[in-house]
Amino acid sequence: QLQLVVSGRGTVQPAPPLRLSCLVSGFTLDAYAIGWFRQAPGKEREGVSCISNSGSSMTDDRDSVKGRFTISRDNAKNTVYLQMNSLKPEDTGVYYCARHRSPYLGFCTILEGRYAFWGQGTQVVVSS
């Protein structure tokens, strides 16, 4: 009688976290909303997350990153961060930070047209 007996179990460790930093100069970070955007190969750039000017706690995230990505700011260091956990292959792309057109709004959006000044971008690759 031919038999094949298979047994065993395995685990897959979640992808390690990654934190991007956006160091700004030439303006007062405290006064402006900052957004993170990304562009996958062959696709249009899309909004990822944003944080309002200091003094307001409003943030906004696209649905696909909610619960995984967290945006924060450190005005003393002139830096905005994007903490990325549980990364997926579809998160692959060039990531940009950008400054909102106007100061002291008290809110933010991830609509690209609201942002006027852009960083150079950095590549993030998540393999399957």
Side-chain angles (χ1 to χ4, degrees):
Q1 181 180 356
L2 179 64
Q3 295 187 82
L4 294 92
V5 181
V6 180
S7 63
R9 61 186 73 242
T11 60
V12 179
Q13 185 175 354
L18 177 66
R19 188 176 73 168
L20 303 182
S21 298
C22 177
L23 177 63
V24 310
S25 62
F27 66 93
T28 301
L29 178 60
D30 178 72
Y32 287 89
I34 302 294
W36 284 98
F37 299 80
R38 67 186 180 189
Q39 187 168 23
K43 297 185 177 181
E44 296 295 317
R45 188 160 58 193
E46 63 183 16
V48 177
S49 184
C50 69
I51 185 167
S52 64
N53 56 286
S54 184
S56 173
S57 61
M58 183 180 180
T59 61
D60 193 24
D61 308 289
R62 70 182 303 105
D63 289 343
S64 63
V65 309
K66 288 182 177 177
R68 300 189 297 121
F69 291 9
T70 303
I71 189 171
S72 63
R73 66 162 72 229
D74 188 335
N75 293 322
K77 297 181 179 179
N78 294 318
T79 302
V80 175
Y81 303 98
L82 184 65
Q83 180 70 42
M84 301 186 289
N85 301 325
S86 301
L87 284 160
K88 305 174 181 179
E90 53 262 42
D91 294 318
T92 293
V94 177
Y95 282 70
Y96 303 85
C97 62
R99 196 203 80 180
H100 199 279
R101 293 181 180 272
S102 302
Y104 300 114
L105 294 179
F107 68 94
C108 75
T109 76
I110 53 173
L111 297 176
E112 183 174 350
R114 297 287 189 174
Y115 296 83
F117 302 95
W118 296 78
Q120 80 279 14
T122 188
Q123 177 72 239
V124 173
V125 179
V126 184
S127 300
S128 61

- Task: Consider only side-chain heavy atoms of I, L, V, M, F, W and Y, link residues closer than 4.5 Å, and tell whether Leu20 and Leu87 are in one cluster.
- Result: yes
- Among Thr122, Thr92, Asp91, find the residue that satisfies the side-chain hydrogen bond (donor to acceptor under 3.5 Å, both in side chains) test when tested with Arg38. Asp91
- Of all heavy-atom pairs between Arg101 and Tyr32, which one has the smallest distance, and what is that distance? O-CE2, 4.2 Å
- Note on the structure: Here the gap from Lys66 atom NZ to Asp61 atom CG, rounded to the nearest 0.5 Å, amounts to 6.5 Å
- Message: Suppose clustering is done on Ile, Leu, Val, Met, Phe, Trp and Tyr with side-chain heavy atoms closer than 4.5 Å. Which residues sit in the same group as Val94?
- Response: Phe37, Tyr96, Tyr115, Trp118
- Give a yes or no on whether Arg114 atom CZ has more than 12 heavy-atom contacts from other residues, nucleotides or ligands under 6.0 Å away. no
- Message: Rounded to the nearest 0.5 Å, what separates atom CG in Asn78 from atom SG in Cys22?
- Response: 10.5 Å
- Same cluster for Tyr81 and Leu23 if Ile/Leu/Val/Met/Phe/Trp/Tyr side chains link at under 4.5 Å? no
- Taking everything shown except Glu44 itself, do over 12 heavy atoms lie less than 6.0 Å from its CD? no
- Task: Check the angle between the aromatic planes of His100 and Phe107 and answer parallel, tilted or perpendicular using the 30° and 60° thresholds.
- Result: perpendicular
- Note on the structure: Rounding to 0.5 Å, atoms CZ (Arg68) and OG (Ser49) come to a distance of 11.5 Å
- Mind checking whether Leu29 and Ile51 sit in one hydrophobic cluster, side chains of I, L, V, M, F, W, Y counted as touching below 4.5 Å? yes
- Query: What's the spacing between Arg73 CZ and Ser52 OG if we round to 0.5 Å?
  - Reply: 6.5 Å
- Using the rule that two of Ile, Leu, Val, Met, Phe, Trp, Tyr join whenever any of their side-chain heavy atoms come within less than 4.5 Å, decide whether Val65 and Val124 are in one cluster. yes
- May I ask you to check whether over 12 heavy atoms, not counting those of Phe27, lie within 6.0 Å of atom CZ? yes
- Value rounded to 0.5 Å, distance of CG in Asn53 from CG in Asn75: 9.5 Å
- Which atom of Val48 lies closest to which atom of Phe69, heavy atoms considered: CG1-CD2, 3.7 Å
- Message: Distance check, rounded to the nearest 0.5 Å: Ile71 atom CD1 versus Cys97 atom SG?
- Response: 9.0 Å
- Check the pair Val126, Leu18 against side-chain contact (heavy atoms from CB on, under 4.5 Å), reporting the backbone distance first and the verdict last. CA-CA 11 Å; Val126 184; Leu18 177 66; over 6 Å; no
- Within a reach of under 6.0 Å around CD of Gln120, are more than 12 heavy atoms found that belong to other residues, nucleotides or ligands? no
- Message: Between Arg99 and Val24, does the side-chain contact (heavy atoms from CB on, under 4.5 Å) criterion hold? Intermediate values first, please.
- Response: CA-CA 9 Å; Arg99 196 203 80 180; Val24 310; over 6 Å; no
